[in-house]
2 protein chains.
Amino acid sequence: MDYGANSVWKELGRPKSLRQQVADQIINALALGHLKPGQRIVELELAQNLGISRAPIREALIQLEQEGLVHVVPYKGTYVMDLNYTGVWELYTLRAVLEEFAIRRVMESNIRDTITSLWDIYDKMIEVCNTGNKLQMAELDSKFHEIIVRGADHEQLYRAWYPLKYKYMFYTITIDKNYSSSLEIVVKMHEKLIETMENGEVEKAVEEIKSHIIETGKLLLSQVADHGI
Amino acid sequence: MDYGANSVWKELGRPKSLRQQVADQIINALALGHLKPGQRIVELELAQNLGISRAPIREALIQLEQEGLVHVVPYKGTYVMDLNYTGVWELYTLRAVLEEFAIRRVMESNIRDTITSLWDIYDKMIEVCNTGNKLQMAELDSKFHEIIVRGADHEQLYRAWYPLKYKYMFYTITIDKNYSSSLEIVVKMHEKLIETMENGEVEKAVEEIKSHIIETGKLLLSQVADHGI
DNA sequence: TCTTTGATGACTGTCGACAATAGTTATTTA
DNA sequence: TAAATAACTATTGTCGACAGTCATCAAAGA
């Protein structure tokens with residue numbers, strides 16, 4: 001794989017630790033599908049590609065391990081996370097639980113700003129929908145849900161949800177070969193959800209976001225059944 | 001604070017990385033209340049206390065940061081997590097959500113083994129209840145709930161729940177001055193919950209575990225109101 | 001042929017030293 | 001005196017080197 005030699009150094013004005021820059025790079029490589037599930041990451045190799053020493057690399061990998069994005073085996077090596085069918089499905093069932101909680105809290109309090117932000121994302125989705133760029137759509141979808149979770153104003157919830165974001169984005173990119181075929185449906189689901197929220201229909205909103213998440217998960221996993229994970 | 005000089009070296013037969021040993025030590029110190037919220041952790045000091053270099057210390061701290069147990073500020077330092085009233089309350093509301101999901105899954109499938117394990121913990125609780133050892137009771141309580149979450153057989157759920165365990169144990173030890181006064185009540189709640197599970201009453205079990213968690217949280221936070229956090 | 005043993009190479013784990021940064025105190029300057 | 005600036009100190013961030021561990025493969029023995 002190619003991270004681009006020394007690319008971490010661009011725009012190095014403020015003292016952002018190399019560790020964080022490396023972690024961001026790896027997350028990016030993951031989200032863009034430049035790293036494959038189960039693939040080994042060799043510290044020295046990565047360090048040389050980035051033109052830095054191994055210490056910040058190791059620290060970045062440990063950070064990512066806690067987020068579940070890589071798996072560090074003592075004295076053996078670091079591997080890109082590798083979820084099986086069940087593991088991917090878990091991402092969606094857990095998201096359904098967390099986001100149900102999130103949307104209840106949002107609708108109890110913080111609804112105005114949240115809805116404004118959601119419409120913003122929605123507008124961008126409409127644009128991207130035409131281009132058919134599935135990577136951009138995955139990012140927007142992820143942002144959409146992140147807004148809801150952040151809107152819940154519950155730090156522990158956000159911390160629990162956050163790692164799921166990268167994982168499901170990763171698998172969306174990695175697995176889904178025909179995402180474009182369902183872009184319109186997904187956009188419609190989001191539109192409907194915002195409207196329900198605007199109408200203040202809590203229980204309906206809960207059902208919609210849950211079924212939206214579960215449907216998305218099933219859609220993704222149907223690709224697996226067709227093409228293998 | 002005193003971690004005991006070179007104490008990480010005892011029983012060093014198998015190649016368990018120093019990083020993990022250090023992380024375990026710190027977690028232990030947290031759970032035992034040897035570290036106070038907001039307290040600074042100086043790498044070199046800790047390294048010298050343990051008789052090792054800073055590298056594994058740093059890596060352990062980064063690992064713990066991702067679990068939310070410490071807060072690493074770039075170029076400034078590492079601080080023991082410091083939750084305010086709201087933050088502690090969040091631990092319990094999120095736990096209620098996660099453990100509701102967990103218990104539903106347990107009761108759908110894995111109930112036999114889980115209940116056996118729960119009764120085991122319950123028996124130990126009875127014993128400890130008489131001694132009034134609040135640290136042991138907090139550990140047993142934590143184990144009790146961990147069994148339920150693990151019984152759900154849902155790795156992503158467990159990963160989301162796991163960091164909460166240390167946090168609420170930490171604050172239980174740190175905050176609660178009169179835990180012993182309510183030991184019996186807590187034990188009774190657990191007994192009732194197991195019986196409900198045995199009877200297969202899903203919705204009742206859900207309500208019980210939710211109210212059990214929420215009540216425990218309220219109880220803890222009432223101490224805060226009295227004595228400050 | 002199959003297992004065991006022992007070298008070899010590649011990689012991870014740990015270390016001590018140095019560089020970079022933030023906070024503090026001392027010094028200059030108006 | 002008070003503000004700005006310049007050392008100084010404590011601590012974190014990064015580096016290169018070395019030690020420890022694992023996997024591989026060849027040689028030896030059954």
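To find a chain, count down the sequence lines: A is the first, B the second, and so on, and within it residues start at 1.
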- Message: Taking the side chain as everything from C-beta on, heavy atoms only, tell me whether E215(B) gets closer than 4.5 Å to V186(B).
- Response: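 They are not in contact (no side-chain heavy atoms under 4.5 Å apart), so the answer is no.
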
Counting heavy atoms from C-beta on, name the nucleotide in [options] closest to the side chain of [X].
X	options	answer
V42(A)	dT11(D), dC11(C), dG13(C)	dC11(C)
L18(B)	dC15(D), dG13(C), dT14(C)	dT14(C)
E43(B)	dT12(D), dC11(C), dG13(C)	dT12(D)

Atom [atom1] of [X] to atom [atom2] of [N]: distance rounded to whole Å?
X	N	atom1	atom2	result
I52(B)	dA19(D)	CD1	C1'	15 Å
Q48(B)	dT12(D)	CD	P	12 Å
Q20(B)	dG20(D)	CD	C1'	18 Å
L44(A)	dA17(D)	CG	P	12 Å
Y75(A)	dT12(C)	OH	P	13 Å

- Query: Does the pair K124(B) and Q136(B) meet the rule for a side-chain hydrogen bond (donor to acceptor under 3.5 Å, both in side chains), with working shown?
  - Reply: CA-CA 10 Å; K124(B) 289 178 191 154; Q136(B) 281 182 0; over 6 Å; no

- side-chain hydrogen bond (donor to acceptor under 3.5 Å, both in side chains) assessment of E65(A) paired with Q66(B): CA-CA 9 Å; E65(A) 150 116 84; Q66(B) 292 313 113; over 6 Å; no

- Message: Once rounded to the nearest 0.5 Å, what's the spacing between atom CD1 of I121(A) and atom CG of L140(A)?
- Response: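 That separation rounds to 6.0 Å.
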
- Query: Taking atom types as modelled and ignoring hydrogens, do the side chains of H154(A) and T93(B) form a donor-acceptor contact shorter than 3.5 angstrom?
  - Reply: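 Checked: H154(A)/T93(B) side chains pair up, N/O donor to acceptor below 3.5 Å.
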
- Item | Partners passing salt bridge (Lys or Arg N to Asp or Glu O under 4.0 Å) against E155(B) (at least two apart in sequence or in another chain) |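 With neighbours one apart ignored, the set is R159(B).
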
Nucleotide N/O to protein N/O under 3.5 Å, stretch nucleotides 23-25 of chain D:
residue: dA23(D); atom: OP1; partner: K76(A); partner atom: NZ; Å: 3.0

- According to the interplanar angle, ranging from 0 to 90°, do the rings of H212(A) and H190(A) count as parallel (below 30°), tilted (30 to 60°) or perpendicular (above 60°)?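 Plane angle over 60°, so perpendicular.
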
- Task: Report the relative orientation of the aromatic rings in Y166(A) and Y162(A); use parallel for angles under 30°, tilted for 30 to 60°, perpendicular for over 60°.
- Result: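 The arrangement is perpendicular - the two ring planes meet at more than 60°.
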
- Item | Residues touching DNA chain C, which here means a heavy atom under 4.0 Å, drawn from residues 53-63 of chain A |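 Per residue number, the list reads R54(A), R58(A).
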
- Task: Please determine which of E99(A), E146(A), E139(A) meets the salt bridge (charged side-chain N to carboxylate O under 4.0 Å, His left out) test together with K165(A).
- Result: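 So, applying the salt bridge (charged side-chain N to carboxylate O under 4.0 Å, His left out) to K165(A) and each of E99(A), E146(A), E139(A), only E146(A) qualifies.
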
